[in-house]
Every structure is written in C-alpha cells, then in structure tokens.
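Presented below is the structure to which this report refers.
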Amino acid sequence: MMNVKMIAVTVMLSAATLLSGCGLQNMQLHQDRQRCSQYGYQKGTDAFAQCMQKTAIERDRMNMIEAFIPLND
C-alpha cells in the first residue's frame, strides 16, 4: 500500500513540474510577443518573426551567461 502512495505522489510531482515548465515557457512567449509589438512589429509578418527569434536567442544567451557567472549576493 505504501508503494502505491509513493508512486502516486511521484506521478503528481512529475506532472506539476512539467506543467510549471510549460507555464513559464508560455509566459516568456507572451512577453516576447508584447516586446516585439511594442517595437512596432506586426504579428504575422516576417519582421515580427525575426524579432521573436532574436528575442529568444538573446534570452538564451543571457541564461547561459548567468549559468556560468555567479551573481554577487
């Protein structure tokens, strides 16, 4: 009986982790869309798509820098 409870808890925690990752990704996508719109690009255009791509690349670059350079607390 204990194993069933342990498996259930593990499944629930795994699902919550996956869903929180999706939520963060959706929030970033929303922020990127807002940023590109604020720059004056119109959704559905090549320029908007390029803005979205550049924004994602810049975020990934900053995440890599933050991963390798510890911040002073």
Side-chain angles (χ1 to χ4, degrees):
M1 189 66 161
M2 183 66 161
N3 287 337
V4 173
K5 288 182 181 180
M6 182 86 83
I7 291 170
V9 168
T10 302
V11 169
M12 288 177 19
L13 288 174
S14 297
T17 301
L18 286 173
L19 291 174
S20 68
C22 293
L24 178 60
Q25 191 173 30
N26 285 337
M27 185 172 59
Q28 288 175 340
L29 183 60
H30 178 72
Q31 289 172 345
D32 292 350
R33 285 181 181 144
Q34 282 185 322
R35 175 177 287 167
C36 291
S37 292
Q38 289 172 349
Y39 290 153
Y41 299 113
Q42 293 187 358
K43 190 174 177 181
T45 63
D46 287 342
F48 187 87
Q50 289 174 357
C51 178
M52 292 288 290
Q53 182 180 28
K54 288 177 184 178
T55 301
I57 289 169
E58 181 63 19
R59 183 179 47 257
D60 290 346
R61 186 177 77 76
M62 293 304 295
N63 286 339
M64 287 178 60
I65 290 170
E66 289 174 3
F68 290 106
I69 299 175
L71 299 175
N72 294 330
D73 293 4

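All heavy atoms count here, side chains included; hydrogens, waters and symmetry mates do not.
One finds the CE atom of M27 at 11.0 Å from the CG atom of D32 (value rounded to the nearest 0.5 Å). Considering CD of Q50 and SG of C36, their distance stands at 10.5 Å, rounded to 0.5 Å. Distance check: Y41 OH to M52 CE gives 13.0 Å after rounding to the nearest 0.5 Å.
Around CD of Q42, the count of heavy atoms belonging to other residues, nucleotides or ligands within 6.0 Å does not exceed 12. Within a 6.0 Å radius of CG in N63, more than 12 heavy atoms belonging to other residues, nucleotides or ligands are found.
Side-chain contact between I57 and Q53: present, with at least one pair of heavy atoms (C-beta onward) separated by less than 4.5 Å. Residues L29 and R33 have side chains in contact (heavy-atom distance under 4.5 Å, counting atoms from C-beta outward). Between R35 and Q31 the shortest side-chain heavy-atom distance does not fall below 4.5 Å.
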Decide yes or no on side-chain contact (heavy atoms from CB on, under 4.5 Å) for D60 and M64, but give the supporting numbers first. CA-CA 6 Å; D60 290 346; M64 287 178 60; 5.6 Å; no
